[in-house]
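This report refers to the structure that appears directly beneath it.
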Amino acid sequence: MKRGNLQVGISAIKGFNDLLPFESGLWQFIEQTARKVFSRYGFQEIRVPVVEKTELFCRSIGDTTDIVEKEMYTFADKGGNSLTLRPEGTAGVVRAFIEHKLYALDSLTKLCYMGPMFRHERPQKGRYRQFHQIGVEAIGSTDPMVDAQVLHLVSRLFQELGLTEPSLQINSLGCPVCRPTYRRALVNFLSGCQDALCADCRRRQATNPLRVLDCKVPGCILATQGAPTISDYLCPDCDTHFSGVQGYLNAADVPYSLNSRMVRGLDYYTRTTFELVTGLLGAQSAVAAGGRYDGLVEQLGGPSVPGIGFALGVERVALLLGDRSFEQVPDLFVAVMGDSARKTGFRIMSGLQDAGLRVEADAEAKSLKSQLRRADKLKARYSIVIGETEIETNKVTLKRMADGEQELVSLEAVELAAKITGGSML
RNA sequence: GUGGCCAUGGUGAAGCGGUUAACACUUACGACUGUGACUCGUACAUACGAGGGUUCGAUCCCCUCUGGCCACCCCA
């Protein structure tokens, strides 16, 4: 089947990928590690729809963000409602939190989720139109300890994934009280050095001035060297909160660095924001990111409840983890010769599978050689050959594939299982 | 949405305006008719992304389209 030739076959759409058998083990490792770590912190899984009313995302993410303006998969359903494929996870989780009044159950709700997100962007390394996020949301408290707990969790999760390279960077974006002041100061500063800025940044100056601090153009980095820093403009509450977070991080030896130029793309972020950044993924440096969203729940029609969360990009983590192999090899391969042996072999195989062993056989009646060749290819730990002799004597040779050592054992599932799992062979 | 690079079999890849599209791997079968790995043999692209053009002739030249990769914007 050739791609791009509709007459020959249909291919997946741009930016939508298949996860093939030889890579799914890696994803399962990521997901299992996340579940394991999350449960230690008391986060429970929530599963929300992949499609929501468009309005939910407009109101949460922000009408003027790139995500809402040009990246959403939006369509009308048959009833004329405007729906969209979720571009991120927090909005839907918060919607469910409000809709089911989870705030009435506990003062702090800790949720986690994993699943596909959709953004109509041009695909590139580490960026796809359907991508997957694993995230958590802790809703109900402004206490800096909650921030620190989420950050500790993130840091721990990456450790357990075996990734030490991505480094944790944190910042505080302030709140609706102090951010406007800072923004004004920044705009003021930028208008003084307009000529030194790139075209994009001159545009950003009006649309999203904080973004200028994040520009990669050397001229802009130089020009904004003396720009006002958000930390100098935090109101007393935000300042106390941010130093509180750092105090907890220090107390628990969570490694991090301050990045006062870090900006987040979604409108709902307040105060603590953070990213796990890496230099190994080309332009996609953020492997995980998140922050506090103290006004979001109320903004979406819920009670005035603060929250904080983060999400990691599964594809990006998978890229960092690389070619690590997670293949599952069979414990035993059953080769057979002759029709009656096929039945016996099937009986043995089934019995061992019932006992919890991974057992393979060749589905087709092939030569013994090709059956064993398959055993080798599958990297089976042991193999047996069942023929007339074995059936007559009720004994079979159990062969350890790694070194060819053999032992005669009785042709019964229980005995074979004991030999294989016990590892007591020879 | 914008830009750069690219497009040969299941995979990695050579190749030249003109009838064998190299090599390697993978896969299948066999040499070993009751024992895998090593070795050896055989088989596997009417076909070089699609469409059009130039030419006596194009996989190799030109155009369009489609697709891929990477980057910008933005983001996990």
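Since the model is a prediction, treat every value here as computed from it, not as a measurement. Letters A, B, ... are given to chains in the order of the sequence lines, protein chains preceding strands, and every chain is numbered from 1.
- Note on A:Lys369: every side-chain N or O is 4.0 Å or more away from OP1 and OP2 of B:rC32.
- A straight line from OH of A:Tyr269 to P of B:rC74 spans 17 Å, rounded to a whole angstrom.
- The environment of CD in A:Glu388 is sparse: at most 12 heavy-atom neighbours from other residues, nucleotides or ligands sit within 6.0 Å.
- In this structure, CD1 of A:Ile67 is placed 12 Å from P of B:rC74, rounded to the nearest angstrom.
- Partner assigned to B:rC38 is none, using Watson-Crick or G-U wobble distances below 3.5 angstrom.
- Checked against B:rC74, B:rG34, B:rA76, the side chain of A:Leu266 finds its nearest nucleotide in B:rA76.
- A donor-acceptor contact closer than 3.5 angstrom links the side chains of A:Ser410 and A:Glu415.
- Using a 4.0 Å heavy-atom distance criterion, A:Gly404 is classed as a base contact.
- Across all strands shown, B:rG3 forms a Watson-Crick or G-U wobble pair, both distances under 3.5 Å, with B:rC70.
- Note: NZ (A:Lys70) to P (B:rC72) measures 13 Å, nearest angstrom.
- Using a 4.0 Å heavy-atom criterion, one finds that A:Glu390 contacts the bases of the nucleic acid, with or without backbone contacts as well.
- Nucleotide B:rC25: paired with B:rG10 (Watson-Crick or G-U wobble, both distances less than 3.5 Å).
- Side chain A:Gln124 to base B:rG68: no donor-acceptor pair is found below 3.5 Å.
- For the C1' atoms, the distance from B:rU33 to B:rC38 is 22 Å, rounded to whole Å.
- When both pairing distances are held under 3.5 Å, B:rA50 makes a Watson-Crick or G-U pair with B:rU64.
- Using a 4.0 Å heavy-atom distance criterion, A:Asp376 is classed as a base contact.
- Taking atom CZ of A:Arg127 as the reference point, atom C1' of B:rA71 lies 10 Å away to the nearest angstrom.
- When the side-chain nitrogen and oxygen atoms of A:Lys14 are compared with OP1 and OP2 of B:rG68, one or more of them lie within a distance under 4.0 Å.
- You'll find a donor-acceptor pair under 3.5 Å spanning the side chain of A:Lys399 and the base of B:rG36, going by distance alone.
- Looking at heavy-atom distances under 4.0 Å, A:Ser367 makes contact with sugar-phosphate atoms alone, never a base.
- Between the side chain of A:Ser370 and the base of B:rG36 there is no donor-acceptor pair of N/O atoms closer than 3.5 Å.
- Residue A:Asp403 contributes atom CG, which lies 15 Å from atom C1' of B:rU35 at whole-angstrom precision.
- Remark: A:Ser383 is not in phosphate contact with B:rU35, judged by side-chain N or O atoms under 4.0 Å from OP1 or OP2.
- Across the C1' atoms, B:rC70 and B:rG52 are found 29 Å apart, a figure rounded to whole Å.
- Rounded to the nearest Å, the gap between the P atom of B:rC61 and that of B:rA7 is 10 Å.
- A distance of 11.5 Å separates CZ in A:Phe38 from CG in A:Leu111, rounded to the nearest 0.5 Å.
- To the nearest angstrom, C1' of B:rU35 lies 17 Å from OH of A:Tyr382.
- A:Gly290 comes within 4.0 angstrom of no nucleic acid atom, judged by non-hydrogen atoms across all strands.
- The residue A:Glu275 sits apart from the nucleic acid: no heavy atom pair falls under 4.0 Å.
- Of the charged side-chain nitrogens involved, none lies within less than 4.0 Å of a carboxylate oxygen, so that A:Glu407 and A:Arg400 do not count as a salt-bridged pair.
- Across all strands shown, B:rU59 forms no Watson-Crick or G-U wobble pair with both key distances under 3.5 Å.
- By the 4.5 Å heavy-atom criterion applied to side chains, A:Arg358 and A:Gln328 are counted as neighbours.
- A:Val385 comes within 4.0 angstrom of a base, heavy atoms only.
- Comparing B:rU35, B:rA76, B:rG30 by their nearest atom to the side chain of A:Arg373 picks out B:rG30.
- Side-chain atoms of A:His152 and A:Tyr41 form a donor-acceptor pair, as typed in the model, at a separation below 3.5 Å.
- No salt bridge links A:Arg129 with A:Glu121; every basic N to acidic carboxylate O contact stays at or beyond 4.0 Å.
- The A:Glu315 side chain lies nearest to B:rA76 when the options are B:rG34, B:rA76, B:rC74.
- Summarising the geometry, the separation between CZ on A:Arg400 and C1' on B:rU35 is reported as 17 Å, rounded to the nearest angstrom.
- The side chain of A:Arg122 lies closest to B:rU2 when the candidates are B:rU2, B:rA76, B:rG30.
- When the side-chain nitrogen and oxygen atoms of A:Arg264 are compared with OP1 and OP2 of B:rA76, one or more of them lie within a distance under 4.0 Å.
- If you measure from atom CZ of A:Arg119 to atom P of B:rC73, you get 16 Å, rounded to the nearest angstrom.
- Among the protein residues, A:Ala375 comes within range of no part of the nucleic acid, since none of its heavy atoms lies under 4.0 Å from any strand.
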